[in-house]
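Side chains are part of it too, since the values below use all heavy atoms of this structure and drop only hydrogens, waters and symmetry mates. In the text below, chain A, chain B and the rest are named by the order of the sequence lines, each starting its count at 1. Quick caveat: nothing in here was measured; it's all calculated off a predicted structure.
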Protein chains: 2
Amino acid sequence: MSTKDKIIASSLKNFLTKGYENTTMNLIAAESGIKKASLYYHYKNKEDIFITCIGYLLDSIEHHIESSQSELDNPKDKILTLFSSIIEFNTNLAYRYNKNYSKPLNFHQMLKVGSSKFIFVRERIDQYYDFLKDTIMEIIDEGKKEKLIVNNINTDILAFQFISILEGYLALSEIYSSITANKIRNQLRDSIWSSISIKENLQNANKKSTITKTFLGARW
Amino acid sequence: MSTKDKIIASSLKNFLTKGYENTTMNLIAAESGIKKASLYYHYKNKEDIFITCIGYLLDSIEHHIESSQSELDNPKDKILTLFSSIIEFNTNLAYRYNKNYSKPLNFHQMLKVGSSKFIFVRERIDQYYDFLKDTIMEIIDEGKKEKLIVNNINTDILAFQFISILEGYLALSEIYSSITANKIRNQLRDSIWSSISIKENLQNANKKSTITKTFLGARW
DNA sequence: GTCTATACAAGGATAGAC
DNA sequence: GTCTATCCTTGTATAGAC
């Protein structure tokens with residue numbers, strides 16, 4: 001591991017666990033075992049280290065999403081896995097740095113700070129969310145073609161709602177104690193699929209009191 | 001306006017616009033026109049000012065929600081208004097302090113910092129979200145009784161999803177440029193009601209190709 | 001490339017006069 | 001209650017020896 005990488009590794013840990021302002025150059029120096037002055041040989045300043053960390057994070061999550069999708073061949077698995085893999089990325093980070101799956105990190109805060117400091121970071125973040133949105137829309141369209149997903153739902157609204165529930169879950173789990181990760185997470189994930197699939201509707205349509213049942217199939 | 005209130009007013013503005021760490025005692029002193037040493041006569045320290053601000057914020061939003069609900073007499077209006085009033089509370093703050101409805105504040109970050117510092121703040125935040133959840137569940141139950149809302153959807157899951165979409169929208173609008181407030185907000189709000197109402201289902205049921213249409217009535 | 005030493009500014013907080 | 005002056009610590013960042 002190069003010195004530059006060592007610096008990023010220990011910086012990232014602290015940015016995620018303590019936030020931007022509470023991560024000091026003294027702290028990074030102490031934890032990485034590299035003297036403070038040397039940090040300035042490798043990086044111009046604290047912000048330079050910070051934006052490197054954000055780039056690394058976003059590259060990692062995109063890579064994680066892409067590789068978790070690669071083995072899948074049907075829209076249902078893809079959509080369920082997409083949801084899970086993003087949550088998983090977060091909980092894995094939490095466990096790595098906090099030895100605790102549910103103790104929240106400052107992922108969102110990092111993006112917000114970075115976004116407010118530099119235009120090109122804001123653009124990179126937009127690029128990530130666009131990637132997420134495009135990925136979801138592609139899955140939806142595939143599902144529509146295969147008659148698995150009802151085809152008169154506006155694809156981009158659906159994609160936005162997917163992302164919104166995901167972000168909401170992550171944000172809420174940071175500050176609302178009642179939200180225990182596993183319990184709610186699976187219910188949320190299930191409802192996302194069942195509410196868009198034709199199959200769920202048709203299954204229910206074969207039973208009595210079709211209309212109400214059909215709607216309930218969506219569990220929403 | 002008492003000196004204590006003046007201090008809180010100018011502190012709150014800065015906590016919301018700049019975040020906890022970037023709001024310094026020097027800044028509060030300068031903006032409130034009260035010398036730094038005097039701040040310490042009225043409040044024990046920076047944290048004391050901060051938790052007073054959080055209490056004030058949560059009291060205000062609860063009051064805003066309650067009063068916006070008071071004039072309403074049916075579940076549909078209640079649920080739509082609940083969503084709007086919380087978004088409105090946020091955008092009003094943004095406009096007051098930033099002269100810009102869509103420039104994000106640090107509301108969520110304040111809650112998170114407060115939550116991590118003091119147990120009783122965490123409890124107060126839980127109390128707010130419990131209040132929100134209970135309010136929603138009450139509306140849902142009322143709607144079920146009046147046969148306006150399908151009655152075999154789990155009420156507390158629905159309440160959680162409502163909150164989740166709301167928080168997701170707020171979180172996302174802080175960092176994703178593509179989300180322009182008005183455009184998406186109304187679509188989200190509409191879909192929340194139409195996806196749970198019996199009326200939407202029955203309306204669609206009277207048309208052809210019932211199953212698919214019914215589902216689309218949910219716009220989800 | 002890495003270190004010791006240090007500059008300089010700004011943070012939170014207090015002493016004590018008025 | 002409010003102020004001026006000050007304390008102490010810690011932050012980012014650099015100079016310059018090795």
Item to check | Distance-only donor-acceptor check, side chains B:E174 and A:H108, under 3.5 Å | outcome: yes
Next on the checklist: Without decimals, in angstroms, what is the distance between B:N14 CG and C:dG11 P?
Outcome noted: 12 Å
Item to check | A:F89/A:I65 under side-chain contact (heavy atoms from CB on, under 4.5 Å): CA gap, chis, key distance, verdict | outcome: CA-CA 9 Å; A:F89 186 83; A:I65 292 169; over 6 Å; no
Checklist entry - Has B:N26 got a side-chain N or O lying under 4.0 Å from the OP1 or OP2 atom of C:dG11? => result yes
Checklist entry - Under 3.5 Å, side chain of B:S115 to main-chain N/O of A:I175, donor-acceptor pair present? => result no
Next on the checklist: Quick check with a 6.0 Å cut-off and a 45 degree axis cone: is B:K35 positioned over the face of B:Y41's six-membered ring?
Outcome noted: no
Next on the checklist: Please identify which of these residues, B:E146, B:K144, B:K145, meets the side-chain contact (heavy atoms from CB on, under 4.5 Å) condition with B:L148.
Outcome noted: B:E146
Checklist outcome for this item: So, with a heavy-atom separation below 4.0 Å from DNA chain C, the residues of residues 36-44 of chain A are A:A37, A:S38, A:Y41, A:H42
Next on the checklist: Against the six-membered ring of B:F15, is B:K13 placed for a cation-pi contact (under 6.0 Å from the centre, within 45° of the normal)?
Outcome noted: no
Item to check | Span of DNA chain D in contact with chain A (heavy atoms, under 4.0 Å) | outcome: D:dG11 to D:dA15
Checklist entry - What's the CG-P distance between B:D48 and C:dA13, to the nearest Å? => result 10 Å
Item to check | Euclidean distance, atom CG of residue A:N22 to atom P of C:dG11 [Å, nearest integer] | outcome: 15 Å
Item to check | Flag for A:S177-B:R122: side-chain donor and acceptor within less than 3.5 Å | outcome: no
Checklist entry - Taking A:K103 for the side chain and A:Y97 for the main chain, is one N or O donor matched with an acceptor at less than 3.5 Å? => result no
